[in-house]
Amino acid sequence: MTIALNEAKKAYKKREVPVGAVIVRNDIVISKAYNLREHKNTCLAHAEILAIEKACKKLNSWRLDGCTMYVTLEPCLMCAGAITQSRIEKVVIGAMDEKNGVVESIANVFDIETTTKVEYEIQKEEECSKILSNFFKELRNNKNNRHIL
């Protein structure tokens with residue numbers, strides 16, 4: 001989770017919503033990424049999606065069997081779908097997203113019977129929540145950045 005949090009800090013410095021993701025297999029980091037929606041100007045540039053793309057490229061396969069994703073914020077519906085489709089085995093979550101999270105907050109996509117069953121663990125890391133609250137507090141105080149909200 002420390003590596004994912006470091007990725008989130010990179011996003012924060014770029015004025016992106018500070019979410020980081022890391023994909024690991026056999027205790028080896030396969031890929032890491034952070035949100036880049038504002039910089040890439042696409043809603044698809046979530047940390048999880050970017051990490052999955054990098055892992056698939058590195059492993060030369062769309063199947064990420066045996067992999068675990070560490071992510072600083074509970075995945076949204078798009079990311080949870082991509083996690084399931086890529087066959088990631090387990091997701092470890094650092095902070096909950098009460099408005100958009102679909103692992104426990106507003107739904108539980110990973111409990112739906114699909115071809116691939118994704119295990120998950122919620123660690124509730126205080127630092128993962130804190131970086132997000134600080135980011136949005138700064139945005140609310142800076143009228144020039146409100147478009148991100």
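It should be emphasised that the depicted structure is a prediction, and the values quoted were computed from it without experimental measurement.
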Distance in Å, Ile30 CD1 paired with Lys57 NZ, rounded so as to fall on 0.5 Å steps: 15.0 Å
Could you grab the distance from atom OG1 of Thr116 to atom CD of Glu89, nearest 0.5 Å is fine? 10.5 Å
Atom of Arg25, atom of Asp65 and distance for their closest heavy-atom approach: NH2-O, 2.9 Å
Applying the 4.5 Å side-chain criterion to the ILVMFWY set and letting contacts propagate, would Val92 and Val109 be lumped into a single cluster? no
Shared ILVMFWY cluster between Ile49 and Val71, side chains joined below 4.5 angstrom? no
Is there a path of hydrophobic side-chain contacts, each under 4.5 Å between heavy atoms of I/L/V/M/F/W/Y residues, joining Val22 to Ile52? no
The test is side chain to side chain contact (heavy atoms under 4.5 Å, CB included); show your working for Lys90 and Met69 and say whether it passes. CA-CA 6 Å; Lys90 183 176 181 180; Met69 175 183 282; over 6 Å; no
Rounded at 0.5 Å granularity, tell me how far NZ in Lys130 sits from OG in Ser133. 9.0 Å
Check: Val102 and Cys76 side chains under 4.5 Å, non-hydrogen atoms: no
If you apply the rule side chain to side chain contact (heavy atoms under 4.5 Å, CB included), what do you find for Leu64 with Arg87, and how did you get there? CA-CA 5 Å; Leu64 300 180; Arg87 298 186 181 173; 5.7 Å; no
What heavy-atom pair brings Ala47 and Ala33 nearest, and what distance separates the two atoms? O-CB, 3.6 Å
Quick check for you: to the nearest 0.5 Å, what is the distance between Ile93 atom CD1 and Thr72 atom OG1? 10.5 Å
Flag the pair Glu48 / Leu50 as yes when at least one side-chain heavy-atom distance between them is below 4.5 Å, and no otherwise. no
The criterion is ring-ring contact (aromatic ring centres under 6.0 Å, His included); which residues satisfy it with Tyr12, sequence neighbours excluded? Phe135
Min side-chain heavy-atom separation Cys128-Met1 under 4.5 Å: yes
As a quick check of understanding, evaluate side chain to side chain contact (heavy atoms under 4.5 Å, CB included) for Glu138 and Arg15, giving each step before the final call. CA-CA 10 Å; Glu138 282 182 26; Arg15 306 305 303 149; 3.4 Å; yes
Minimal heavy-atom distance between Ile88 and Cys67, with the atoms involved, is CG2-O, 3.5 Å
Glu104 versus Tyr120, side-chain donor and acceptor atoms under 3.5 Å: yes
Taking all non-hydrogen atoms of both residues, which atom of Tyr70 and which atom of Thr68 are closest, and how far apart? CE1-CG2, 3.7 Å
Quick test of your reading of the model: are Lys124 and Glu74 salt-bridged, counting only N-O distances below 4.0 Å? no
So Lys9 and Glu127, salt bridge (Lys or Arg N to Asp or Glu O under 4.0 Å) or not? Walk me through it. CA-CA 11 Å; Lys9 289 174 184 175; Glu127 198 172 352; 3.2 Å; yes
Side chains of Val24 and Ile28: closer than 4.5 Å at any heavy-atom pair? no
Taking every heavy atom of Val29 against every heavy atom of Lys58, the minimum-distance pair comes out as O-NZ, 3.8 Å
If you apply the rule side chain to side chain contact (heavy atoms under 4.5 Å, CB included), what do you find for Asn35 with His46, and how did you get there? CA-CA 5 Å; Asn35 272 355; His46 286 208; 4.0 Å; yes
Ile3 CD1: over 12 foreign heavy atoms closer than 6.0 Å: no
Do you know the tightest heavy-atom contact between Gly20 and Ala8? N-CB, 3.6 Å
With a 4.5 Å limit on heavy-atom distance, are the side chains of Asn134 and Pro18 in contact? no
Any salt bridge linking Arg37 with Glu16? Criterion: basic side-chain nitrogen under 4.0 Å from a carboxylate oxygen. no
Presence of salt bridge, Lys10 and Glu7, under 4.0 angstrom: yes
Honestly curious: do Val91 and Met78 fall in one hydrophobic cluster under the side-chain, below-4.5 Å linking rule? no
Looking only at atom types and distance, does a side-chain atom of Lys54 sit under 3.5 Å from a main-chain N or O of Lys32, one as donor and one as acceptor? yes
At what distance, to the nearest 0.5 angstrom, does CD1 of Ile23 lie from CG of Leu59? 8.5 Å
Using the rule that Ile, Leu, Val, Met, Phe, Trp and Tyr join whenever any side-chain heavy atoms are under 4.5 Å apart, tell me whether Val17 and Val103 fall into a single cluster. yes
When you compare the side chain of Val19 with that of Tyr34, does any pair of heavy atoms fall below 4.5 Å? no
Are more than 12 heavy atoms from other residues, nucleotides or ligands located less than 6.0 Å from atom NZ of Lys117? yes
Quick check against the 3.5 Å criterion: does Ser61 have a side-chain atom that pairs as donor or acceptor with the backbone of Cys56? no
